[in-house]
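The chains referred to below are lettered A, B, ... by the order of the sequence lines, with proteins before strands, and numbering in each begins at 1.
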Amino acid sequence: MRVGHHLRRRARAAAAAAGSGAVGVAASRPGSAAAGAGVVGLAVLGQGHSSDAGGARCAGESRSRTWAFPACSGRGRRCGGGRSVRSCGDTGAVAGRRPYRRERGRRPRRAARRGARRGRHRATEEPRARRLRHQRRPPAGQARRPAAPRGRRGARRGAAGARGHRARVDVAGPGFLNITLAKGVLGTIAVQAVTAGAAYGRTDALAGQKLNLEFVSANPTGPVHIGGTRWAAVGDALGRLLEASGASVTREYYFNDAGAQIDRFALSLMAAAHGRPVPEDGYAGDYIVDIAEQVVAAEPGLLERDEAEQQERFRVRGVDLMFAEIKRTLADFGVVFDVYFSERTLHETGALDKAIARLRANGHVYEADGAVWLRTTDFGDDKDRPLIKSDGAPTYFAADCAYYLDKRDRGFDKVVIMLGADHAGYVGRYKALAAAVGDDPEATLEILLGQLVNLVRDGEPVRMSKRAGTVVLLEDLVEAVGADAARYALARASVDQQIDLDLDLWSRQTNDNPVFYVQYAHARISSLLRNAADLGLVLGEAADVDVAALEHQRESDLLRALGEFPRVLTAAAELRAPHRVARYLEELAGTYHRFYDSCRVLPRGDEEVTPLTTARLWLCAATATVLRNGLDVLGVTAPERM
RNA sequence: GCGCUCGUAGCUCAGCGGAUAGAGCACCGGACUUCUAAUCCGACGGUCGCAGGUUCGAAUCCUGCCGGGCGCGCCA
């Protein structure tokens, strides 16, 4: 199955659908005559020339809306066939306003080669685009990207806000418009950000959604290792992100405190307490000895009781101690869950039996070879899965069924589970079980698969084995690089990407970590604002700020970057991609540093305080606000001094 | 073998079918009597794994191949 992939695609499609009909505002290609005033790039996808705002539909396609495109006959293009809704999206209104005509011209070399190979194809590049080559110093990344999709409401707001503020509209290349904003319009962003404070960037894009977000869920048989740490960092950030977009989120940690693994854990503790060697398939490591000692200390005389009784006590106390340790290290990492859900309770409350009964009532259960099976193959799974083994014991999967039902019964619209790639095999059966209880898995269950973390030390991969005790733990990583750097490092990469974490590099040379770059920007602003306060300079009332004074190119760049923040958050939330926030912050920090480099804020010597001074103070305060809010989403601190 | 997944600069990684594919690090050359130089500016660096296909347009979507990772139990 290609579920993980499919899910991401759905998320993108959803984001695109939400943005349909919207006019995305991208950052800019600075126009030559536009110094000071904001230039905002608008994408006009395709060479559409639709005559009304909705645009014509692509023939043979029911879901896509928008732009008309002569060549789009519905053959071949598959617009909206489920995959490329986005490809048809976004631009109706603009296309209607300003049709673009393709021109002949030069095309990029590589594309030219490709075109030549295919024996067709001509020009795409427009003269103007070439002229701009030397004028343009984009604030990295964002600048070239046209049109992040926006919600309908956002689009209307944007359109209304822009009315009367446009100074000029230019065709800026194949499918792009540059809209030059009237002086001062961008400057209001600074005021908005400062005024909104911690709320700046928050939206109601996901309002009304009640989500259950499960991550980490490491069994309490050992400390959280590096793999779980990645999900702790990413999952917690995702939770904050979803909340910032208006969703109601419950962070949940499911732990297995029943079954064979826990038995092995208890037996390992016992062995350690008695000074016996670790049993076959048992757990080793110093923590086992530590916990065993604590259990014995808490229960004098335990070692003299009978074996079964001992094992039970070691299990109960061992799990408690181990789990307390897990919670503590996670808390030190800044990750706290709303619910810690015990698998054992599912057995004890009869939830498990009820779940099986329900699956049976739905007609998906059968018995074979003395075991009870769920016919998950009816719903696309590779093979049927056992619920109760032939020895009468329920499987882990049976508990999964009960747990899923429990979440749904608690009123969650959507059950989101983050899993490592090593658990990718669960996706099929999980989807199937949701279908078997009568849900639409595409709507109620979202499984986010993430690639694993590789550790490198001395240029050699560090192999991990929990039982052999050669594990790199959450706390090891935090000790080596600090919680901020650890969280940031893990959260700044896409979960689709296997990442190599070089322990030498991260521990030795922490300057390499981009988190310092971002944090430094915040510290720098904090320092500047402290100096301003020393000079008796205050921001004052929003109404008194002359935002039109901000007309330097670097100021415009910074304002535009600040204005993108709310969209960055909603897009990242919808795509389940917290790393986008980190990347945005890096760009924002860079934009600020460049502003700082060329725009003096505070008066020196006996210089006078001007409206520009105040306006720049607001701009700095706004940047600090956004850096803080963004870092907060990632669970990273925004230091005032470094 | 089957399934999933990834492959972008020397390294670590961004890149939501759209403009000339970016950042940090590394390396080279510049900028501090001035708000934190943990900064800024410049230079260098790319067959976006390979080959087809779809499209006006592909790093992005599809197919095949190559390479890495993970998974294929009445384990958890």
Side-chain angles (χ1 to χ4, degrees), chain A residues 1-5 11-12 15-16 19 29 41 43-47 69-72 76-78 83-84 86-87 102 108 110-111 114 121-122 124-126 129-130 132-133 136 138 140-141 144-149 172-176 219 256 259-262 369-371 373 382-383 385-386 388-391 393 395-396 420-428 449 451-452 454 492-494 496-502 505 509 511-514 516-517 519-521 523-524 527-528 531-532 571 574-575 577 579-580 583 586-587 590 593-594 596-598 600-602 604-605 641-642:
Chain A
M1 289 182 73
R2 313 170 50 85
V3 181
H5 201 159
R12 287 186 190 129
R29 173 194 287 267
V44 182
L45 306 188
Q47 54 181 36
F69 173 48
C72 187
R77 187 180 169 74
R78 292 207 290 178
R83 310 235 131 130
S84 47
R86 163 178 294 281
S87 65
R102 180 169 292 274
R110 195 171 300 133
R114 192 184 317 254
H121 230 33
R122 295 185 300 274
T124 52
E125 195 173 348
E126 216 182 30
R130 233 162 36 200
L132 285 166
R133 174 174 300 175
R136 192 154 159 280
R144 295 192 176 165
R145 203 169 305 134
F176 291 84
N219 286 342
N256 173 270
Q261 295 283 23
I262 288 291
D369 305 326
W373 298 75
D382 301 333
K383 56 186 81 169
R385 307 292 170 177
I388 296 177
K389 296 184 270 186
S390 51
D391 67 2
T395 61
Y396 192 78
D422 52 338
H423 289 71
Y426 291 177
V427 175
L449 285 181
Q451 298 299 311
L452 305 179
N454 297 313
R492 90 184 276 266
S494 158
D496 291 340
Q497 199 63 242
Q498 299 173 35
I499 52 177
D500 290 339
L501 225 55
D502 186 326
L505 186 73
Q509 207 177 334
N511 279 15
D512 292 353
N513 191 337
F516 288 104
Y517 183 77
Q519 289 183 314
Y520 179 68
R524 205 176 209 190
S527 169
L528 189 153
N531 293 343
E574 282 163 350
L575 297 171
H579 73 279
R580 282 167 178 266
R583 300 298 175 150
E586 288 168 30
E587 285 173 9
H593 287 311
R594 280 184 289 276
Y596 182 93
D597 193 59
S598 41
R600 173 81 197 184
V601 177
L602 301 177
R604 47 192 135 182
R641 299 172 200 274
M642 287 179 72

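Nearest nucleotide to the A:His579 side chain, out of B:U36, B:A14, B:C74: B:A14. Between B:U36, B:C40, B:C35, one nucleotide has an atom nearer to the side chain of A:Tyr517 than all others, and that is B:C40.
Among the protein residues, A:Arg385 comes within range of no part of the nucleic acid, since none of its heavy atoms lies under 4.0 Å from any strand. Residue contacts shown for A:Ser598 are absent, as no nucleic acid heavy atom lies under 4.0 Å away. Residue contacts shown for A:Ile262 are absent, as no nucleic acid heavy atom lies under 4.0 Å away. Here A:Ala371 lies in heavy-atom contact (under 4.0 Å) with a base. Using a 4.0 Å heavy-atom cutoff across all strands shown, A:Asp369 reaches at least one base atom of the nucleic acid.
A donor-acceptor contact shorter than 3.5 Å links the side chain of A:Arg600 to the backbone of A:Leu602. Not one N or O on the side chain of A:Asp369 forms a donor-acceptor pair closer than 3.5 Å with the backbone of A:Ala371.
Nearest-nucleotide mapping onto RNA chain B: of A:Gln497 and A:Asn454, the residue sitting toward the 5' end is A:Gln497. Place A:Asp597 and A:Tyr520 on RNA chain B by their nearest nucleotides, and A:Tyr520 ends up nearer the 5' end.
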In dot-bracket form, how is RNA chain B paired, counting a Watson-Crick or G-U wobble pair only if both its distances are under 3.5 Å and using | for bases paired to another strand? (((((((..((((....[...))))..((((.......))))......(((((..]....))))))))))))....
